[in-house]
Protein chains: 2
Amino acid sequence: MPKTKQFDETEVLRKARNVFWVKGYNGTSMDELVRATGLSRSSIYDTFGDKHGLFVRSIQLYGQEEREALAKIMQNDFSPKKKIHLLFKGMIGDILEDKDNKGCFIVNIITELSCLDKQVTAMASEEMARSEEALFQWVRQGQAAGEINKSHSARTLARHLQNTIYGLRVTGKAGANRAILEDIAKAALSVLD
Amino acid sequence: MPKTKQFDETEVLRKARNVFWVKGYNGTSMDELVRATGLSRSSIYDTFGDKHGLFVRSIQLYGQEEREALAKIMQNDFSPKKKIHLLFKGMIGDILEDKDNKGCFIVNIITELSCLDKQVTAMASEEMARSEEALFQWVRQGQAAGEINKSHSARTLARHLQNTIYGLRVTGKAGANRAILEDIAKAALSVLD
DNA sequence: ATTTATTTGGAACATTCGTTCCAATAACTT
DNA sequence: AAGTTATTGGAACGAATGTTCCAAATAAAT
């Protein structure tokens with residue numbers, strides 16, 4: 001009987017998330033979100049509650065898509081070490097391709113809101129833990145296969161790699177070029193050899 | 001003849017900067033700045049122009065104090081490599097001590113505003129370049145003295161160290177404890193051996 | 001085609017935002 | 001001590017903020 005929703009919720013979330021990603025939470029106004037999503041205020045409020053609710057859903061979408069992307073990399077046939085190298089190469093490519101220089105959504109959230117919004121911070125931290133876990137698994141497998149150095153524990157190396165990724169995200173957002181980013185990755189990854 | 005300023009400009013800037021540091025630029029209102037600095041709106045506007053001007057001056061103060069702190073470390077008698085280790089140890093201490101979990105002012109600025117404010121981004125980038133230069137000098141000296149590995153260039157290692165510091169700042173702001181931060185530093189610094 | 005339930009657009013809301021203004025204040029000079 | 005001048009506090013401003021509301025529109029079911 002009722003009129004059905006005229007928009008794809010995921011598509012709207014993707015558009016909203018991109019605005020948040022570029023401008024941050026506090027830097028984004030509802031006016032911009034209305035313009036970016038193409039739907040009206042009432043539809044947004046009816047569907048997502050309020051600005052904060054829309055932000056939370058944006059993060060959830062990001063997490064979901066991130067998990068799917070990771071799963072795709074997981075199931076290729078390269079060795080663990082090669083996977084790590086490909087992850088870094090791909091990330092550097094993403095950083096340089098992104099004309100908006102958005103950086104990492106999670107890093108942006110942590111630096112903007114970790115003092116101000118516990119709920120959102122918890123969501124971001126969970127995402128960080130998840131990706132560290134993937135790195136940890138690869139390092140462990142790589143060490144078992146003998147292609148990754150064992151002078152540091154798998155946990156230590158995973159933390160180091162994760163930390164390097166956050167650094168690259170910041171360095172990249174600060175305007176570093178390909179040569180610099182690859183230089184950093186080279187040095188950081190040499191710990192695995 | 002005139003009435004003189006009743007406040008210490010540097011002291012006011014320090015208070016304002018701390019608010020910006022905790023809440024970000026867009027997350028900070030003039031009301032909060034009035035409350036935090038203890039002086040009135042007119043005094044702020046008369047002295048610093050507007051909110052953005054106050055922010056710019058806050059960054060300049062940060063840069064100045066950072067430079068002084070760096071100079072102090074520079075002139076101790078430890079070896080270059082030891083200086084680097086001390087820098088990391090000190091930074092981890094700072095991160096854990098800071099009950100506000102402010103993170104790094106420069107990193108916060110880059111992640112919040114690199115898409116939105118070119119002037120501020122340029123100032124932050126300059127600060128980043130300056131600290132990379134200090135690291136570069138230490139690495140070069142350490143390599144010359146034979147205490148730092150030469151399999152990577154001094155520039156590469158400096159970039160890697162700088163990148164690790166940014167990472168630590170983010171990881172720390174995400175709530176990591178001492179064990180994790182020291183683990184990361186240990187792995188990252190092992191590239192120097 | 002009519003009914004029904006929900007979405008939708010846009011006007012309107014109170015609040016907060018950054019900023020301006022002015023009268024009152026107070027310090028330095030003579 | 002008196003005059004001069006910049007500082008100061010607080011009221012006031014328009015614009016922008018996040019949010020609410022309601023009449024009109026619309027798609028599904030009868």
Side-chain angles (χ1 to χ4, degrees), chain A residues 1-60 108-109 112-113 115-120, chain B residues 1-60 108-109 112-113 115-120:
Chain A
M1 323 149 186
K3 181 177 173 182
T4 56
K5 279 222 157 63
Q6 298 297 292
F7 56 87
D8 178 12
E9 217 168 289
T10 302
E11 201 56 45
V12 167
L13 277 174
R14 206 169 280 132
K15 288 174 182 170
R17 182 202 56 190
N18 283 344
V19 183
F20 283 130
W21 202 338
V22 172
K23 306 203 155 196
Y25 180 73
N26 284 319
T28 300
S29 70
M30 279 308 267
D31 242 20
E32 290 177 274
L33 291 168
V34 166
R35 235 175 300 137
T37 58
L39 40 86
S40 71
R41 290 179 140 64
S42 20
S43 297
I44 293 182
Y45 278 89
D46 191 68
T47 311
F48 304 105
D50 56 9
K51 183 185 175 187
H52 192 267
L54 179 56
F55 188 58
V56 166
R57 292 286 309 276
S58 297
I59 299 173
Q60 287 171 344
N108 294 358
I109 290 171
E112 182 187 1
L113 300 172
C115 305
L116 309 174
D117 190 324
K118 284 204 287 185
Q119 180 194 355
V120 158
Chain B
M1 324 148 187
K3 181 178 175 182
T4 55
K5 280 222 155 62
Q6 297 297 292
F7 56 88
D8 179 11
E9 217 167 289
T10 303
E11 200 57 43
V12 167
L13 277 175
R14 206 168 282 133
K15 287 173 181 170
R17 182 202 55 189
N18 282 344
V19 183
F20 283 131
W21 201 338
V22 172
K23 306 202 154 198
Y25 179 72
N26 285 319
T28 301
S29 71
M30 280 307 266
D31 242 20
E32 291 178 271
L33 291 168
V34 167
R35 237 175 299 136
T37 57
L39 41 85
S40 72
R41 290 178 139 64
S42 20
S43 298
I44 293 181
Y45 277 89
D46 191 68
T47 311
F48 304 105
D50 57 8
K51 183 186 174 185
H52 192 266
L54 179 56
F55 188 57
V56 166
R57 291 287 308 277
S58 297
I59 299 174
Q60 287 171 344
N108 294 357
I109 290 170
E112 183 187 1
L113 300 172
C115 304
L116 310 173
D117 189 325
K118 283 203 289 185
Q119 180 194 355
V120 159

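Hydrogens, waters and symmetry mates are skipped; everything else that's a heavy atom, side chains included, is used. Each chain gets a letter, A, B and so on, in the order its sequence line appears, and its residues count up from 1. These numbers were taken from a predicted model, which means no experiment stands behind them.
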inquiry  = Do the side chains of Arg35(A) and Glu32(A) get close enough for a salt bridge, i.e. N-O under 4.0 angstrom?
reply    = no
task = Before accepting this row, confirm whether a basic side-chain N of the pair Asp31(A)/Arg41(A) lies closer than 4.0 Å to the acidic partner's carboxylate O.
result = yes
query = Any N or O donor-acceptor pair linking the side chain of Arg41(B) to the base of dT8(D) at under 3.5 Å?
reply = no
ask   = With a 3.5 Å cut-off and just heavy-atom distances, do the side chain of Ser42(B) and the base of dG9(D) make a donor-acceptor pair?
value =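 Checked by distance alone, the answer is yes.
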Please give, in whole Å, the distance from [N] [atom2] to [X] [atom1]?
{"X": "Met30(A)", "N": "dC21(D)", "atom1": "CE", "atom2": "P", "result": "15 Å"}
{"X": "Phe48(B)", "N": "dT19(C)", "atom1": "CZ", "atom2": "C1'", "result": "16 Å"}
{"X": "Ile44(B)", "N": "dT7(D)", "atom1": "CD1", "atom2": "C1'", "result": "14 Å"}
{"X": "Arg35(A)", "N": "dG10(C)", "atom1": "CZ", "atom2": "C1'", "result": "15 Å"}
{"X": "Asp50(B)", "N": "dG14(D)", "atom1": "CG", "atom2": "P", "result": "20 Å"}
{"X": "Lys51(A)", "N": "dT17(D)", "atom1": "NZ", "atom2": "C1'", "result": "8 Å"}
{"X": "Glu32(A)", "N": "dT17(D)", "atom1": "CD", "atom2": "P", "result": "7 Å"}
{"X": "Asn26(B)", "N": "dT16(C)", "atom1": "CG", "atom2": "C1'", "result": "14 Å"}

message = Tell me whether Ser58(A) contacts the main-chain N or O of Leu54(A) through its side chain, where contact means a donor paired with an acceptor under 3.5 Å.
response = yes
ask   = Do any side-chain nitrogens or oxygens of Ser43(A) fall under 4.0 Å of OP1 or OP2 in dT7(C)?
value =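 No, no such contact exists.
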Contact under 4.0 Å: Ser29(B) side-chain N or O vs dC17(C) OP1/OP2 =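 Checking Ser29(B) against dC17(C): at least one side-chain N or O falls below 4.0 Å of OP1 or OP2.
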task = Using the six-membered ring wherever Trp is involved, compare the ring planes of His52(B) and Tyr25(B) and label them parallel, tilted or perpendicular (cut-offs 30° and 60°).
result =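 Aromatic pair His52(B)/Tyr25(B) classed perpendicular.
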From the options [options], select the nucleotide whose nearest atom is closest to the side chain of [X].
{"X": "Tyr45(B)", "options": "dT20(C), dG9(C), dT8(D)", "result": "dT20(C)"}
{"X": "Asp31(B)", "options": "dT8(C), dC17(C), dG18(D)", "result": "dC17(C)"}
{"X": "Ser40(B)", "options": "dT7(C), dT8(D), dT19(C)", "result": "dT8(D)"}
{"X": "Phe7(A)", "options": "dT8(C), dT20(D), dC17(C)", "result": "dT8(C)"}

ask   = So how far is it from Phe20(A) CZ to Lys15(A) NZ, rounded to the nearest 0.5 Å?
value = 15.0 Å
query = When all nucleic acid strands are considered with a 4.0 Å heavy-atom cut-off, which category describes Thr47(A): base, sugar-phosphate, or nothing?
reply = nothing
query = When the nearest nucleotide of DNA chain C is assigned to His52(B) and to Asp46(A) on a heavy-atom basis, which residue is associated with the more 5' position?
reply =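 First, find each residue's nearest nucleotide; the 5'-ward one identifies Asp46(A).
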